[in-house]
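What follows is one structure encoded as structure tokens, with my remarks underneath.
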Amino acid sequence: MANPIAYIGIKALTLFQLTGELLQLFASTIYWSKHTFRNVDKIFHFMVKMGVNTLPIATFTSLFVGMVMVLQTGYTLEKFGMAESLGAIVPIAMARELGPVLTALLLAGRIGAAITAEIGTMTVSEEVDALKTLGINPVRYLAMPRFLACLCMLPVLVIYADVIGILGGASVAATYFHIPTKIYFDRMAESLQFIDIIKGLTKAAVFGATIAIVGCRYGLEAKGGAAGVGEATTRSVVCSFITIYILNYFITRLWL
Amino acid sequence: MAVNAIEIDIQKLSKSFRNFQVLKDLDLQIRASETTVIMGGSGTGKSVLLKHMIGLISPDSGKIFVRGVDITTQKGPALDTIRSRFAMVFQSAALLNSLTVAENVGLGLKEQHRFSKKEINEIVIEKLKLVKMEHKYNSLPGELSGGMKKRVGIARALAMSPEVVLYDEPTAGLDPIMAGNIDELILELKQKFKMTAVVVTHDMQSAFYIGDHICMLYQGKIIEEGSPESIRHSSNDYVIQFITRHKSVQT
Ligand SMILES: Nc1ncnc2c1ncn2[C@@H]1O[C@H](COP(=O)(O)OP(=O)(O)O)[C@@H](O)[C@H]1O
Ligand SMILES: [Mg+2]
């Protein structure tokens with residue numbers, strides 16, 4: 001690059017444009033959500049597909065994260081003779097932060113990529129153009145059902161991931177630190193509030209919406225055959241990850 | 001014969017991709033209830049021109065009037081309304097790969113939510129019969145040959161009961177008999193329903209058989225246009241070469 005300032009300028013402009021495009025697609029998806037009722041079966045179909053595809057990896061991830069969290073935290077707590085407080089720490093971290101974020105990242109890699117690949121293939125093979133000539137709005141037909149499915153499915157997956165993570169934590173607490181399971185859960189009941197769970201699930205819904213919108217945007221803008229679709233898929237996942245990190249930070253700050 | 005109204009009026013249309021100018025100040029008028037044939041070498045921009053007519057590509061400059069309305073300035077529902085009179089047969093057929101043949105043909109009607117399943121099914125079978133594809137009703141596009149996909153694409157376009165159909169190489173990849181059937185179909189639709197057709201083709205036999213008006217696209221412009229008779233007797237070297245495959249002809 002000859003001129004670094006020009007380079008940064010161009011990058012910043014591209015970023016603004018991308019943000020604008022994502023917001024515009026979001027708005028138009030919301031608009032077309034008025035047809036939710038007619039598409040319930042399609043939305044449900046996507047939800048089941050997302051659930052089935054993500055469940056195995058979500059189980060593994062949250063189980064091991066819950067377990068390692070207890071190992072790491074318990075190690076420190078034990079020094080102060082506070083290992084019994086494990087139940088007050090790990091479940092909150094799981095419900096507020098790790099459950100939503102980790103599951104969202106999994107969904108972005110697993111489902112966001114699939115959405116871009118699927119819609120991108122349709123875009124480069126003129127199927128999306130064909131939809132337009134048939135009077136079918138691609139946002140309504142392709143983006144809206146996936147958006148609503150992601151929005152609804154991610155919170156469900158997060159509840160599941162939270163439970164698995166907390167159980168995984170309890171098992172390590174019991175076997176490694178010899179904390180009776182009852183105490184772990186008593187501590188959890190004292191400290192984990194319903195609002196923590198609601199906040200975690202709200203985050204999850206926001207992330208779910210993000211993944212679908214980003215996935216659809218990169219799919220609808222795909223160019224240049226199969227190679228282009230591959231490229232779009234990678235970019236889509238990277239964009240989802242970054243957006244999730246940023247949104248997570250700001251939502252958390254807002255709620256502190 | 002009375003002169004038909006102008007359906008599509010293209011004025012000074014220009015389009016470039018990156019640094020490559022495909023269409024240069026192109027002017028073209030498509031008359032209603034006629035079949036206009038567009039000929040031209042591969043990669044001269046025939047598909048690009050056709051996609052402009054239905055608003056799938058926006059021009060860099062120029063206007064496209066459809067019944068007096070400039071579609072280049074339209075978008076959203078307004079564009080949808082104009083488009084609803086149009087249908088397009090894609091060069092690649094562009095069938096939805098995840099849907100069966102019947103679902104593809106009925107897709108546009110289904111998404112209108114105006115017809116019952118039974119009504120849609122009747123229309124689907126009727127249109128598939130027109131292109132002799134009713135036996136592949138339940139097949140997926142991946143199981144069909146290129147020519148078969150093309151025919152399903154035609155059925156899908158006709159299912160929308162359009163007034164104007166844009167055909168992008170409808171007979172490419174078909175055997176001569178099937179190509180002849182499609183030609184007859186296009187003629188019949190014009191005679192029975194006064195349908196307007198714009199047909200991009202390399203098939204000279206087909207062009208002269210179905211065309212009321214033939215245009216030659218070369219280097220971004222329409223270099224010659226007229227009745228089949230006048231094109232046949234054209235003195236333009238490129239046109240002569242295009243229709244006879246040779247540089248010069250004895251007459
Ligand atoms: N979406 C696009 N992006 C970039 N170049 C394109 C695009 N569509 C068409 N072109 C280019 O425009 C030219 C005309 O293409 P096309 O209209 O498909 O030709 P044909 O006359 O064979 O139908 C070609 O050189 C093609 O590479
Ligand atoms: Mg073409």
Side-chain angles (χ1 to χ4, degrees), chain A residues 21 24-25 27-43 45-46 48-49 53 114-146 149 216 219-226 228-229, chain B residues 17-18 47-48 50-58 71 75-77 79-99 103-114 141-142 149-150 152-162 164-168:
Chain A
E21 277 179 43
Q24 200 178 353
L25 180 58
S28 116
T29 312
I30 294 284
Y31 171 80
W32 286 114
S33 298
K34 66 183 182 179
H35 287 182
T36 303
F37 194 63
R38 280 173 180 168
N39 291 285
V40 180
D41 50 344
K42 218 159 127 184
I43 296 167
H45 165 82
F46 282 127
V48 171
K49 210 168 99 178
N53 281 338
I115 290 176
T116 304
E118 204 176 347
I119 298 183
T121 306
M122 295 183 72
T123 305
V124 300
S125 60
E126 298 186 314
E127 288 179 38
V128 174
D129 279 348
L131 285 176
K132 291 181 192 163
T133 67
L134 293 171
I136 301 172
N137 186 299
V139 175
R140 185 193 84 208
Y141 186 78
L142 298 172
M144 183 268 283
R146 288 170 172 84
C216 291
L220 289 170
E221 298 293 321
K223 284 188 184 66
V229 175
Chain B
F17 291 107
R18 293 172 191 269
S47 298
V48 169
L50 220 51
K51 284 181 190 167
H52 274 93
M53 295 183 197
I54 195 167
L56 289 177
I57 299 183
S58 335
I71 61 165
K75 51 183 173 185
L79 182 59
D80 287 341
T81 313
I82 298 168
R83 262 188 198 152
S84 66
R85 295 177 46 246
F86 281 63
M88 175 149 180
V89 177
F90 286 82
Q91 185 169 3
S92 63
L95 302 179
L96 269 69
N97 274 311
S98 55
L99 303 182
E103 286 167 343
N104 263 288
V105 177
L107 182 63
L109 295 174
K110 181 177 163 228
E111 291 295 318
Q112 288 179 347
H113 298 278
R114 286 196 293 147
K149 283 185 199 164
K150 195 63 89 41
V152 176
I154 294 173
R156 181 174 71 180
L158 297 179
M160 302 301 286
S161 319
V164 184
V165 185
L166 312 175
Y167 298 90
D168 201 345

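This one's a predicted model, so the numbers in the text were calculated from it and none came from an experiment. Naming convention: chains lettered A, B, ... in sequence-line order (proteins, then strands); numbering from 1 in each chain.
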Part of B/S92 within contact of chain A (heavy atom distance under 4.5 Å): both

Answer yes or no: are there more than 12 heavy-atom neighbours, outside B/K110 itself, under 6.0 Å from its atom NZ? no

For the residue pair A/E127 and B/N97, what are the closest heavy atoms and their distance? OE2-ND2, 3.1 Å

Once you round to the nearest 0.5 Å, how far does CG of B/N104 lie from CG of A/L134? 8.5 Å

Below 4.5 Å from any heavy atom of chain A, which atoms of B/I54 appear? Answer side chain, backbone, both or neither. side chain

Assess whether atom CD of B/Q112 is packed by more than 12 heavy atoms of other residues, nucleotides or ligands within 6.0 Å. yes

Pick from B/H113, B/R83, B/M88: which one has the most heavy-atom pairs with chain A under 4.5 Å? B/H113

Identify which part of B/L99 has an atom lying under 4.5 Å from any heavy atom of chain A, answering side chain, backbone, both or neither. side chain

Contacting region of B/L95 [heavy-atom separation from chain A under 4.5 Å]: backbone

Interatomic distance, CG@B/L96 vs OH@A/Y141, rounded to 0.5 Å, equals 5.5 Å

